[in-house]
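Here the structure comes first, spelled out in structure tokens, and everything after it is commentary.
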Amino acid sequence: MMTIIKRIKFQYLFSFGLLIVLSAALFVFYGDEQTRNLIIGALVMNFGQITGSFFPKKHEDI
């Protein structure tokens, strides 16, 4: 159990937390088209950053 906690880093928690917050905001502001488009853009950029930071790393670094 302790090895799992050691492998979880702040940047992982922050990025997944941001995805959750932006996803919730998308449902809250679904009626406003401009705000919805901004949130979708932020979600796409955030998901791209997460993907870019996870995949190039070597397995022993993760």
Side-chain angles (χ1 to χ4, degrees):
M1 180 69 177
M2 195 62 165
T3 59
I4 294 173
I5 294 174
K6 287 182 181 179
R7 291 178 64 177
I8 296 175
K9 297 182 181 178
F10 174 75
Q11 61 204 27
Y12 301 155
L13 293 176
F14 184 76
S15 58
F16 285 123
L18 190 59
L19 279 175
I20 291 169
V21 168
L22 286 173
S23 298
L26 185 61
F27 286 110
V28 170
F29 295 106
Y30 189 74
D32 187 11
E33 185 177 345
Q34 288 181 337
T35 307
R36 184 180 61 208
N37 290 339
L38 286 172
I39 294 171
I40 289 172
L43 269 170
V44 169
M45 287 180 9
N46 189 18
F47 188 70
Q49 289 292 328
I50 291 171
T51 306
S53 69
F54 281 160
F55 288 119
K57 294 183 179 180
K58 296 179 185 175
H59 182 67
E60 59 264 8
D61 290 342
I62 294 177

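- Hydrophobic cluster membership is shared by Phe29 and Leu22, with clusters built from Ile, Leu, Val, Met, Phe, Trp and Tyr side chains linked at under 4.5 angstrom.
- No continuous path of hydrophobic side-chain contacts links Tyr30 to Val44 [ILVMFWY only; heavy atoms under 4.5 Å].
- Here the CG-CD1 distance, from Leu26 to Ile39, works out to 6.0 Å after rounding to the nearest 0.5 Å.
- Every side-chain hydrogen bond (donor to acceptor under 3.5 Å, both in side chains) that Thr35 has, sequence neighbours left out, goes to Asp32.
- Residues passing the ring-ring contact (aromatic ring centres under 6.0 Å, His included) test with Phe27, sequence neighbours excluded: none.
- Residues passing the side chain to side chain contact (heavy atoms under 4.5 Å, CB included) test with Leu38: none are found, sequence neighbours excluded.
- Cluster membership for Leu43 and Val28, using ILVMFWY side-chain heavy atoms within less than 4.5 angstrom, is shared.
- Taken to the nearest 0.5 Å, the CZ atom of Phe16 stands 9.5 Å off from the CG atom of Asn46.
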